[in-house]
Amino acid sequence: MSSDESIHAAAKAVEDKHGRRDVLMVNAGISHAPGTTREHYRQVFDTNVSGQAVTVEAFLPLLRMSTASSGKRIAFTSSDLSSLQWALEPKGLYSGVNFPIYRTSKTAVNMVMPHYARLLEHEGFIVGASNSGYCATNLNAYGGAKNPREGARVLIKAATDSKESVHGLVVDECGSQPW
Ligand SMILES: NC(=O)c1ccc[n+]([C@@H]2O[C@H](COP(=O)([O-])OP(=O)(O)OC[C@H]3O[C@@H](n4cnc5c(N)ncnc54)[C@H](OP(=O)(O)O)[C@@H]3O)[C@@H](O)[C@H]2O)c1
């Protein structure tokens with residue numbers, strides 16, 4: 001995600017083997033990075049924001065070759081921590097006092113996603129983002145409350161549900177989350 005060369009090599013490998021791509025789920029992300037505040041921001045944004053956008057750009061020609069009747073699909077990975085509305089709550093799980101760098105990167109993903117949703121909808125693309133909820137993974141030292149399989153289901157939902165349910169939205173288990 002932090003190497004254009006590697007991302008384009010991945011796209012080339014898919015092109016050589018399949019010639020097209022129907023669904024792109026962009027999931028990789030990090031929550032922390034070593035170094036100064038500036039370096040921490042740079043690395044987290046490089047992976048979570050630039051990496052997701054560069055991956056979409058690299059795979060776009062293959063997605064355009066898709067003949068899937070259900071539409072060409074792109075699903076980004078956001079987070080419940082991305083929501084500005086929830087961050088402004090004075091108390092509670094999502095109050096904006098924690099993880100400012102990670103959550104800022106996910107708020108940025110929430111704007112990258114509608115860019116592609118609007119840009120590509122006339123070509124038959126359906127573009128959304130998922131919020132898996134707090135899952136026990138390496139990202140949070142396995143402190144999350146949910147099984148990662150449940151989180152994966154939300155990403156699959158973002159990549160397969162109807163256009164009305166996901167296009168231009170950040171979806172969670174229940175529906176779409178506030179901006
Ligand atoms: N866990 C949660 O509670 C939660 C909640 C909301 C959203 N999310 C989001 O869900 C996504 C997946 O995270 P996770 O919870 O499953 O965490 P994880 O277990 O740490 O998995 C992160 C994945 O991203 C990959 N990755 C990280 N940096 C990369 C890079 N530069 N290039 C390529 N791959 C890279 C990792 O690959 P390696 O293993 O090879 O390093 C790993 O497969 C992330 O976007 C995260 O922000 C997680």
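Order of listing sets the numbers, starting from 1, for every ligand and every atom in it.
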Quiz prompt | Which residues share a side chain to side chain donor-acceptor pair (under 3.5 Å) with Glu121, sequence neighbours left out | solution =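 Only Arg118, His167 meet the side chain to side chain donor-acceptor pair (under 3.5 Å) criterion with Glu121.
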Practice problem: Ignoring hydrogens and angles, tell me if any N or O in the side chain of Ser82 forms a donor-acceptor pair with the backbone of Arg103 under 3.5 Å. | Solution: no
Quiz item: Under the salt bridge (charged side-chain N to carboxylate O under 4.0 Å, His left out) rule, what pairs show up with a residue in residues 156-179, not counting sequence neighbours?
Solution: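 Residue pairs passing salt bridge (charged side-chain N to carboxylate O under 4.0 Å, His left out), neighbours aside: Lys146-Glu173.
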Quiz item: Tell me the salt bridge (charged side-chain N to carboxylate O under 4.0 Å, His left out) pairs involving residues 47-58, sequence neighbours left out?
Solution: none
Quiz item: Hey, is Glu15 close enough to Lys12 for a salt bridge, meaning N to O under 4.0 Å?
Solution: no
Quiz item: Would Glu123 and Lys72 pass as an ion pair if we require N to O under 4.0 Å?
Solution: no
Quiz item: Considering only heavy atoms, which protein residues lie less than 4.0 Å from any atom of ligand 1?
Solution: Met1, Ser2, Asn27, Ala28, Gly29, Ile30, Thr47, Thr77, Ser78, Ser79, Tyr102, Lys106, Ser132, Gly133, Tyr134, Cys135, Thr137, Asn138, Leu139, Asn140
